Engineer: 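Attaching a single structure in C-alpha cells format; questions to follow.
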Amino acid sequence: MTEHNGQAGAETERLDFVRQIVADDCKSGKWDGRVHTRFPPEPNGYLHIGHAKSICLNFGIAAQFGGKCNLRFDDTNPCKEEQEYVDSIIHDVRWLGWDWEDRLYFASDYFEQMYQWAVELIQKGKAFVCDLTAEQTRRHRGTLTEPGTESPYRDRSIEENLDLFARMRAGDFPDGARTLRAKIDMSHPNINMRDPVIYRILHAAHHRTGDTWCIYPMYDWAHGLEDSIEGITHSICTLEFENHRPLYDWFLDALAVHHPQQIEFARLNLTYTLMSKRKLLRLVQDKYVSGWDDPRMPTLGGLRRRGFSPDSIRKFCKVIGVNKFNSTIDYALLEHCVREDLNRTSPRVMAVLRPLKVVLSNYPDGQVEWLEAINNPEDPAAGTRKVPFSKVLYIEQDDFMEDAPKKFFRLAPGREVRLRYAYFIRCDEVVKDADGTIIELRCSYDPATRGGDAPDGRKVKATLHWVAAEQALDAEVRLYEHLFTKEDPEQTEDGQDFTANINPDSLQILTGCKVEPSLKDTEPLQRCQFERLGYFCADPDSTAGKLVFNRTVTLKDTWAKLQKKQKK
RNA sequence: UGGGGUAUAGUGUAACGGUAGCACGACUGACUCUGGAUCAGUUAGUUGGGGUUCGAAUCCCUGUACCCCAGCCA
C-alpha cells in the first residue's frame, strides 16, 4: 500500500489522534511493537462511504505501521444477517484496494469459545441466568437519572446458573424466556453496566452456523472477545461505543485474557447525503432510487457505478482526517478528490450530449479525414487516437448562441471558433424550423487551419468539442445532481421527514447523445472524460447496441458559474 | 435532572506552553487547442468570562452550546 512508508514519511506526516496512540504504543513497546487492527462489519447491509472512512483508518494504520488488519464479520444476530451482505462487503473492501490476506474471520466461528468463557464467568460468580421478560428487564434497568433494581434471579447458585445456561443452549426454553446477564452494578451511572444481557435465546437459523445454536451472544460480550481471540491491539470503533468501553474492559478483565485498547472516532457526515442504513433502505424500498447501487447512493456500490475510483475515495478518507467530534464534510471535497484522480487517469473522448447539427458548406461531400487526438494531456504515455471529421457534424447546443453576450466565447453568427484537433469554423447562417427553433448551423471551415492552428497566427476565443455525424455512436447519458436539495437532508418542516428534501432533478436522462466511434467497445464501469463536460462511466446497463454513461462529476465550469450568478 | 464525550476561518483539519498553519470552498489574476488542468495571489479562525505565566488554542477555574446512552440491535 502507498501508506506503507516506514520511518521517513511517518516523521513528516501529521498523525491523527488514533495514529498518535498507535505510534506512542509502538515507541513504548506496549504491544511488543505489534499493530493489529480489524474492520468488523455486521453483514446486515451494504457498505457506504462512511464505512470507507473506517476501512481506510483500520487498514491504513496497519499498512502504515507495518501491522495487520483483519476483515471480520460481526455476525452475532442471525435475524438480520445474510450471506448476500457478506459477499458484497468482501467485494467492496477489496475494490477499495485493501488486503486482509488469509485473515477473513467470522464472530460465529468463535461461538463455542465465547460459550466456554460465559461458563467461566458464571463459575466466577460474575454472571447469572435471569428469567425476567424483556419488558421486565427494561423496567428494572431504571432511567438515566434513577438507579435500577436488581433482578430477583440475581443470586441464584452457580450450580443452578450453570445448569440453566446449559439448558438454554440445549434449546429447552423458548425465545426470550431467559437471558444470561453479567453481574455488575444495577445502580451504575452508566446504564450499560447495569447487569447487561450477554446471551439471548433465539431459535433462528444463522447464515453460517445454521441451527447449531439457539443462544446468541450480545455485541458487548462478543466484540471484545473477538478482538481478544484475534490478538487485536487497537480496537477502533465509532463514538457511540464510547459508553460501552467500560463494559468492554470489564469483560476482558473478568476473564483475564488479551485486552486490546478500544479507541473511538467520529463517524463521517457528508453534506447532501444520508448515511443511516435505515434511511438508505427507505430510499430503496420506496423507489426514490433504483437500488442499492443507484449512482446517487453513497454506498460503495453506488459510488462505483457512478464512476468514483477506489483511489479517489481513499484520498478522500485520508484528507478528511479523524477526530472525536461530529462534523460534516463538504460534498465539494469529495468532488475535488475524484476530479483530482480522474484528471490524472481518465482517457479523454469527445461526446455531444445535446446535439446541434453543423453543416460545413465548403467541405467536400463524402470526404472523411481521420484526425489525431490526444488521449490524455496529463499522461503522454496514454498516446493518441484518430477521430473522424466530415461535412456534417454535431456540436453542443450550449456552444452556440444567436445573440451572444460579450462574455460568451463560443460560436455565434459571424464568429469563428476552433473545433478541437480539427479546423477553425465560422458560423454563416442559422437554420430554423417553423417554430423558430434552431435546427442547424451552416458554417465554413478554413482548410489552412487543419489540426487546429492558424498559419497566420490568428486566435480564437474558444475550442469546441464535436462529433462527426455519420460515424457517431448513439448513447444514453444520465446526469446526476445531489439526491437532496438541502445540505442537511434531515432539516425539515414539522411533520415532514427527509423525503421532503429529495431533489426531483437528481437524475436527468439524455437520449440521442452522440459519442465518438472509439467508444464502441466500452466495457461497463470503464471511466473516461467527455472533453469539456465532465467525467463519465459506462453503466452496466450498457449493451453492445446501446451505450449508457453515468456522469460522475462535471469538470469545473467557470462559464456555468458565471451564468448561475447572473440568474440570481 | 445521571453518566460519557466534544468545541480552532464558510467547511474540514494541524499547531503537544513560544510567529495560529494546511486543504476544500469563495474571490482576483496569469497561462491554455478542454471556460478543464496548472500557476500566483486575496479572503477568513482559537465557544464566553476569569486566572497562572515573560508568553496560553494549549495549563487551572467557571459559564455556554452540541453529540451519545434507558434493544434480549450492532
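Quick caveat, the model's predicted, so the values are computed rather than measured. The sequence lines fix the lettering, A, B, ..., with proteins before strands; numbering per chain opens at 1.
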Engineer: Does the side-chain ring of A:F325 lie flat on the base of B:G5, meaning centres under 5.5 Å and planes less than 30 degrees apart?
Structural biologist: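 No, the aromatic ring of A:F325 does not stack with the base.
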
Engineer: Just to be sure I understand the rule, does A:F408 reach a base, reach only the sugar-phosphate, or reach nothing, if contact means heavy atoms closer than 4.0 Å?
Structural biologist: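 Result for A:F408 = base.
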
Engineer: In whole Å, what is the span from the CG atom of A:N323 to the C1' atom of B:A57?
Structural biologist: 14 Å

Engineer: Of the nucleotides B:U34, B:A74, B:A26, which one has an atom closest to the side chain of A:N77?
Structural biologist: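 Given the options B:U34, B:A74, B:A26, the side chain of A:N77 is closest to B:A74.
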
Engineer: Does A:L562 or A:E242 map to a spot on RNA chain B nearer the 5' end, using the closest nucleotide for each?
Structural biologist: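 Nearer the 5' end of the strand: A:E242.
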
Engineer: Can you check the distance between B:G10 and B:G45, where both ends of the measurement are the C1' atom (answer in whole Å)?
Structural biologist: 11 Å

Engineer: Tell me whether A:E340 is salt-bridged to A:R344, with the criterion being a basic N under 4.0 Å from an acidic carboxylate O.
Structural biologist: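 Between A:R344 and A:E340 there is no salt bridge, as every charged N stays at least 4.0 Å from the carboxylate O atoms.
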
Engineer: Given the P atoms of B:G41 and B:U53, what is the spacing between them in whole Å?
Structural biologist: 42 Å

Engineer: Taking atom NZ of A:K324 as the centre, does the number of heavy atoms from other residues, nucleotides or ligands within less than 6.0 Å exceed 12?
Structural biologist: yes

Engineer: Would you indicate which nucleotide in B:C16, B:G3, B:G35 comes nearest to any side-chain atom of A:N190?
Structural biologist: B:G3

Engineer: Do the side chain of A:H244 and the base of B:A74 come within less than 3.5 angstrom through a donor-acceptor pair of N or O atoms?
Structural biologist: yes

Engineer: Atom CD of A:E226 and atom C1' of B:A74: how far apart are they, to the nearest Å?
Structural biologist: 11 Å

Engineer: So which nucleotide does B:C39 pair with, by the Watson-Crick or G-U wobble rule with both distances under 3.5 Å?
Structural biologist: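 In the structure as shown, B:C39 has B:G29 as its Watson-Crick or wobble partner.
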
Engineer: Categorize A:L132 for me: base, sugar-phosphate, or nothing, with a 4.0 angstrom heavy-atom threshold over every strand shown.
Structural biologist: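 Touches a base.
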
Engineer: For a quick test of reading the model: is some side-chain N or O of A:K324 closer than 4.0 Å to OP1 or OP2 of B:A7?
Structural biologist: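 No, because none of the side-chain N or O atoms of A:K324 sits under 4.0 Å from OP1 or OP2 of B:A7.
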
Engineer: Between C1' on B:A70 and CG on A:N192, what's the gap in Å once rounded to a whole number?
Structural biologist: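 Those two atoms, CG and C1', are 9 Å apart.
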
Engineer: For A:Y219 and B:A74, do the ring centres fall under 5.5 Å apart while the planes stay under 30° apart?
Structural biologist: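 No; centroid distance or tilt outside limits.
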
Engineer: Can you check the distance between B:U8 and B:A15, where both ends of the measurement are the P atom (answer in whole Å)?
Structural biologist: 14 Å

Engineer: B:C27, B:A14, B:U34: which one has an atom nearest the side-chain heavy atoms of A:D16?
Structural biologist: B:A14

Engineer: So, under a plain 3.5 Å distance rule, would you say the side chain of A:R14 forms a donor-acceptor pair with the base of B:U13?
Structural biologist: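 It does not, because no donor-acceptor pair links the side chain of A:R14 to the base of B:U13 below 3.5 Å.
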
Engineer: Mind calculating the distance between CD (A:E264) and C1' (B:A74) to the nearest angstrom?
Structural biologist: 15 Å

Engineer: To the nearest 0.5 Å, tell me how far A:F424 CZ sits from A:R426 CZ.
Structural biologist: 10.5 Å

Engineer: Would you say A:H336 reaches B:C24's phosphate, i.e. side-chain N/O to OP1/OP2 under 4.0 Å?
Structural biologist: yes

Engineer: Compare all side-chain heavy atoms of A:L334 with those of A:F308 and state whether any distance is below 4.5 angstrom.
Structural biologist: yes

Engineer: Mind checking A:R348 for me? I need base, sugar-phosphate or nothing, with any heavy atom below 4.0 Å counting as a touch.
Structural biologist: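 Since a base atom lies under 4.0 Å of A:R348, the category is base.
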
Engineer: For A:R267, look at atom CZ and say whether over 12 heavy atoms of other residues, nucleotides or ligands are found less than 6.0 Å away.
Structural biologist: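 Counting other residues, nucleotides and ligands, CZ of A:R267 stays at 12 neighbours or fewer.
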
Engineer: When the distance from CZ of A:R38 to C1' of B:A74 is rounded to whole Å, what number comes out?
Structural biologist: 12 Å

Engineer: Whom does B:C66 pair with, Watson-Crick or G-U wobble, provided both distances fall under 3.5 Å?
Structural biologist: B:G5

Engineer: Should A:R200 and A:D175 count as an ion pair when the cut-off is N to O under 4.0 Å?
Structural biologist: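 A:D175 and A:R200: not salt-bridged.
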
Engineer: May I ask you to say what A:F241 touches in the nucleic acid, namely base, sugar-phosphate or nothing, with a heavy-atom cut-off under 4.0 Å?
Structural biologist: base

Engineer: At 4.0 Å (heavy atoms only), tell me whether A:T143 reaches a base, stays on the sugar-phosphate, or touches nothing.
Structural biologist: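 Since a base atom lies under 4.0 Å of A:T143, the category is base.
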
Engineer: Of the nucleotides B:U34, B:A37, B:U13, which one has an atom closest to the side chain of A:K556?
Structural biologist: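 Given the options B:U34, B:A37, B:U13, the side chain of A:K556 is closest to B:A37.
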
Engineer: Would you indicate which nucleotide in B:C24, B:G35, B:U34 comes nearest to any side-chain atom of A:A332?
Structural biologist: B:C24

Engineer: Using O4'-C1'-N9-C4 for purines and O4'-C1'-N1-C2 for pyrimidines, with syn meaning within 90° of 0, is B:G5 syn or anti?
Structural biologist: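 The base of B:G5 is oriented anti (glycosidic angle more than 90° from 0).
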
Engineer: Does A:K277 place a side-chain N or O at less than 4.0 Å from the phosphate oxygens OP1/OP2 of B:A74?
Structural biologist: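 No, no such contact exists.
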
Engineer: Of all the choices, B:C72, B:C73, B:A37, which nucleotide is nearest to the side chain of A:V197 once you look at every atom?
Structural biologist: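 For the A:V197 side chain, the nearest candidate turns out to be B:C72.
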
Engineer: Go through the N and O atoms of the side chain of A:N243 and the base of B:C68, and report whether any donor-acceptor pair is under 3.5 Å.
Structural biologist: yes

Engineer: Does the pair A:K27/A:D24 count as a salt bridge with the N-to-O cut at 4.0 Å?
Structural biologist: no

Engineer: Can you tell me, in whole Å, how much space there is between the C1' of B:A23 and that of B:G35?
Structural biologist: 24 Å

Engineer: Please determine if a side-chain N or O atom of A:T145 lies less than 4.0 Å away from the OP1 or OP2 oxygen of B:G3.
Structural biologist: no

Engineer: Take the protein atom CD1 of A:I395 and the nucleotide atom P of B:U34, then report the distance between them rounded to whole Å.
Structural biologist: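 Going from CD1 in A:I395 over to P in B:U34 covers 17 Å.
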
Engineer: B:A74 phosphate, OP1 or OP2: any side-chain N/O from A:R200 under 4.0 angstrom?
Structural biologist: yes

Engineer: From the options B:U28, B:G71, B:C67, select the nucleotide whose nearest atom is closest to the side chain of A:K565.
Structural biologist: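 Nearest listed nucleotide: B:U28.
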
Engineer: For B:A57 and B:U6, measure between their C1' atoms and round to the nearest Å.
Structural biologist: 15 Å

Engineer: Using the C1' atom as the reference point in each nucleotide, state the distance between B:A20 and B:U13 in Å, no decimals.
Structural biologist: 13 Å

Engineer: Whole angstrom is fine here: how far is it from CG in A:N44 over to P in B:A74?
Structural biologist: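 Going from CG in A:N44 over to P in B:A74 covers 10 Å.
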
Engineer: Between B:A30 and B:G49, how far apart are the C1' atoms? Round to whole Å, please.
Structural biologist: 49 Å

Engineer: Using a cut-off of less than 4.0 Å, is there contact between a side-chain N or O of A:T76 and OP1 or OP2 of B:C73?
Structural biologist: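 No, outside the criterion.
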
Engineer: Which part of the nucleic acid does A:E531 contact within heavy-atom distance under 4.0 Å: base, sugar-phosphate only, or nothing?
Structural biologist: base

Engineer: Could you tell me how far apart A:D557 (CG) and B:G36 (P) are, to the nearest whole angstrom?
Structural biologist: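 So the two atoms are 8 Å apart, to the nearest Å.
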
Engineer: Whether the A:R532 and A:H465 side chains hold a donor-acceptor pair (N or O, under 3.5 Å, no angle test) is what I'd like checked.
Structural biologist: yes

Engineer: Go nucleotide by nucleotide along RNA chain B from the 5' end; which of A:P217 and A:L419 gets its closest nucleotide reached first?
Structural biologist: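 Whichever sits nearer the 5' end wins; that is A:L419.
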
Engineer: Taking atom C1' in both B:U46 and B:U19, compute the distance separating them and give it to the nearest angstrom.
Structural biologist: 15 Å

Engineer: By the definition side-chain hydrogen bond (donor to acceptor under 3.5 Å, both in side chains), identify the one residue from A:R181, A:H188, A:R154 that meets it with A:D195.
Structural biologist: A:R154

Engineer: Once hydrogens and angles are ignored, does a donor-acceptor distance under 3.5 Å link the base of B:G35 to the side chain of A:R410?
Structural biologist: yes

Engineer: Check the phosphate of B:G71 against A:R141, side-chain N and O only, distance under 4.0 Å to OP1 or OP2. Yes or no?
Structural biologist: yes

Engineer: B:G10 base to A:E487 side chain: any donor-acceptor pair below 3.5 Å?
Structural biologist: no

Engineer: Regarding A:E481 and A:Y272, is there a side-chain donor-to-acceptor distance under 3.5 Å anywhere?
Structural biologist: no

Engineer: Paired with B:A23: which nucleotide, if any, by Watson-Crick or G-U wobble criteria at under 3.5 Å for both distances?
Structural biologist: B:U11

